[in-house]
Amino acid sequence: MIILLKENANARQVDNLKKFLTNRGFDLHISEGTQHTLIGLIGDTSKLDIDLISSLDVVESVRRIQEPYKNANRKFHTADTVVDVGGAKIGGGHFMMIAGPCSVETHDQILSVAESVKASGANMLRGGAFKPRTSPYAFQGLHEKGIELLREAKKQTGLPIITEIMDINHLPLFEDVDVIQVGARNMQNFELLKELGQTRKPILLKRGLANTIEELLMSAEYIMAGGNEQVILCERGIRTFETATRNTLDLSAVPVLHKLTHLPVVVDPSHGTGVNDLVHPMALAAVAAGADGLIIEVHNDPPHALCDGKQSLTPEQFDHLAKAVRGILPFAAKEMTWE
């Protein structure tokens with residue numbers, strides 16, 4: 001339920017209303033606009049008398065909300081959320097480019113890629129230290145050593161770093177990681193999500209391989225219900241009957257999510273297609289659709305990459321893409337700036 005307060009509502013009456021609601025067991029989500037204030041009620045509102053609330057002098061209107069996600073719902077929070085990562089912002093008109101290798105492999109590899117993507121304008125460095133792989137025999141990352149190499153790349157380039165967590169027991173290793181990524185396979189690992197809700201680090205939450213948009217938002221709700229509102233959503237492709245690409249990149253999810261939620265939305269065309277020469281066109285399509293950012297896999301030697309070389313761009317290809325993105329940003333579905 002959402003309560004819209006009147007413009008210039010009496011402060012004491014508003015406080016009395018808040019106390020009345022909290023005494024009845026509701027959690028309140030307050031959103032203050034330039035003219036009006038919204039009070040979002042989180043809890044079972046089925047027994048609350050709407051007519052009584054509507055009759056109060058300070059109340060403009062009351063609406064019931066049917067969606068099960070409250071914190072992530074744009075109806076509760078009309079303004080776009082802006083997530084600040086070491087001075088780089090995403091959401092609310094701020095565009096972010098995240099780039100780097102699928103996996104951290106060596107010192108020279110991660111430093112070389114970090115320096116090249118920064119030169120092309122990337123705002124953040126990605127790199128997997130823990131890698132969930134379908135085969136138990138595939139390379140699964142350098143683990144703690146991988147995070148150490150990411151930290152060194154951050155120190156030398158100044159780029160904030162993002163890497164994936166697979167087990168909540170690894171959380172102490174992520175103290176110097178700027179953004180924690182929850183991968184597609186862990187999107188509904190609810191115990192992990194609840195623990196991440198207790199942190200105050202930004203979380204990039206990837207859509208699961210076969211999950212609906214509502215399920216993605218409910219997973220974001222798990223994090224936000226714990227008090228961590230710094231959530232970035234990621235569309236990375238879903239599994240369909242199509243076999244020409246690794247996944248089917250659902251770009252319609254971008255405007256749909258912007259309609260339903262205030263959280264920033266990034267697109268991963270690398271995992272979404274799984275094919276090097278499809279990353280560029282799908283990245284531009286994502287920007288045109290209004291994505292708040294892109295996450296792109298870049299490797300300095302894709303044919304010899306230990307993980308996902310087939311979908312990785314070379315530094316030169318990434319630089320070409322970055323220039324094209326800057327060219328299309330003015331024509332995107334929503335006005336954005338890439339700083």
Side-chain angles (χ1 to χ4, degrees), residues 83-88 90 96-118 122-134 136 138-187 189 191-206 223 228 230-232 234 236 266 268 270-271 293 295-301 304-309 311-312 315 318:
V83 178
D84 190 313
V85 185
I90 181 170
M96 178 177 285
M97 181 72 88
I98 306 168
C102 176
S103 296
V104 180
E105 298 171 2
T106 67
H107 173 275
D108 292 345
Q109 172 243 17
I110 191 62
L111 263 294
S112 173
V113 173
E115 289 170 354
S116 65
V117 299
K118 181 182 180 180
N123 308 93
M124 192 184 313
L125 175 67
R126 63 145 294 150
F130 297 87
K131 294 300 301 179
R133 305 298 298 277
T134 301
F139 175 66
Q140 296 179 22
L142 298 179
H143 297 188
E144 185 173 359
K145 178 63 176 178
I147 293 180
E148 290 177 5
L149 293 177
L150 281 171
R151 287 201 302 261
E152 185 170 343
K154 174 184 176 180
K155 183 178 180 180
Q156 293 203 26
T157 64
L159 287 175
I161 55 176
I162 175 173
T163 192
E164 182 174 350
I165 191 169
M166 292 175 55
D167 191 314
I168 198 60
N169 292 323
H170 297 154
L171 190 57
L173 300 176
F174 285 69
E175 183 176 348
D176 296 324
V177 172
D178 298 284
V179 178
I180 300 175
Q181 175 181 310
V182 176
R185 294 171 178 83
N186 270 318
M187 192 204 85
N189 183 341
E191 293 303 314
L192 174 62
L193 300 180
K194 286 191 286 187
E195 288 293 329
L196 293 176
Q198 302 302 313
T199 73
R200 293 300 176 263
K201 284 184 179 291
I203 308 297
L204 186 140
L205 178 65
K206 285 197 166 188
I223 299 170
N228 186 354
Q230 298 186 88
V231 179
I232 303 166
C234 181
R236 46 80 67 206
V266 304
D268 180 351
S270 302
H271 283 92
I295 179 167
I296 307 291
E297 291 194 353
V298 181
H299 197 286
N300 56 344
D301 187 11
H304 297 98
L306 298 180
C307 179
D308 288 346
Q311 65 196 35
S312 298
F318 177 73

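All heavy atoms count here, side chains included; hydrogens, waters and symmetry mates do not. All figures in this text were calculated on a predicted structure; none of them were measured in a lab.
Between L125 and I110, some side-chain heavy-atom pair lies under the 4.5 Å cut-off. Put simply, the side chain of L306 does not reach to within 4.5 Å of the side chain of S103, judged on heavy atoms. Side-chain contact between L205 and L193 is present, with heavy atoms from C-beta onward closer than 4.5 Å. No side-chain heavy atom of S116 sits under 4.5 Å from any side-chain heavy atom of N300. No side-chain heavy atom of H299 sits under 4.5 Å from any side-chain heavy atom of H304.
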Which atom pairs, one a donor and one an acceptor, fall under 3.5 Å between side chains of residues 169-180 and the rest of the protein, sequence neighbours left out?
| from | atom 1 | to | atom 2 | distance (Å) |
| --- | --- | --- | --- | --- |
| N169 | ND2 | D167 | OD1 | 3.2 |
| D178 | OD1 | K154 | NZ | 3.1 |
| D178 | OD2 | K154 | NZ | 3.1 |
| D178 | OD2 | I161 | N | 2.8 |

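Under the 3.5 Å distance criterion, the side-chain polar atoms of R185 are left unmatched by any main-chain donor or acceptor of V182. Judged purely by atom type and a 3.5 angstrom limit, Q230 uses its side chain to pair as donor or acceptor with the backbone of R200. Panel note: side chain N186, backbone N189; no donor-acceptor pair is recorded below 3.5 Å. A donor-acceptor contact shorter than 3.5 Å links the side chain of T199 to the backbone of L196. Distance alone, capped at 3.5 Å, places no donor-acceptor pair between the N228 side chain and the I223 backbone. A donor-acceptor pair under 3.5 Å is absent between the side-chain atoms of S270 and the main chain of I296, judged by distance alone.
Here the closest heavy-atom approach between residue P160 and residue M124 is recorded as O-CG, 3.1 Å. Of all heavy-atom pairs between K131 and C102, the closest is NZ-SG, 3.3 Å. Scanning all heavy atoms of the two residues, the minimum distance from C234 to I295 falls at SG-CG2, 4.2 Å. Considering all non-hydrogen atoms of both residues, A153 and T157 come closest at O-OG1, 2.7 Å. Residues V113 and G100 share a closest heavy-atom pair of CG1-CA, 3.9 Å. Nearest heavy atoms, L159 versus A114: CD1-O, 3.7 Å.
Note that CG of L149 is 10.0 Å distant from CG of D108, once rounded to the nearest 0.5 Å. Once rounded to the nearest 0.5 Å, the distance linking CD1 of I147 with CZ of F130 reads 5.0 Å. Here the CG atom belonging to N123 is positioned 8.5 Å from the CD1 atom belonging to I90, to the nearest 0.5 angstrom. Interatomic distance, CE of M166 versus NE2 of H143, reported as 7.0 Å (0.5 Å rounding). Once rounded to the nearest 0.5 Å, the distance linking CG of L192 with CD1 of I165 reads 6.0 Å.
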Would you please test K206 and E164 for side chain to side chain contact (heavy atoms under 4.5 Å, CB included) and show each step?
-> CA-CA 10 Å; K206 285 197 166 188; E164 182 174 350; over 6 Å; no
Between R126 and E297, does a salt bridge (Lys or Arg N to Asp or Glu O under 4.0 Å) hold up when you go through it step by step?
-> CA-CA 8 Å; R126 63 145 294 150; E297 291 194 353; 3.7 Å; yes
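Counted within 6.0 Å of CD on Q156, heavy atoms from surrounding residues, nucleotides or ligands total more than 12; the atom is thus considered enclosed.
Residues passing the salt bridge (charged side-chain N to carboxylate O under 4.0 Å, His left out) test with E191, sequence neighbours excluded: K194.
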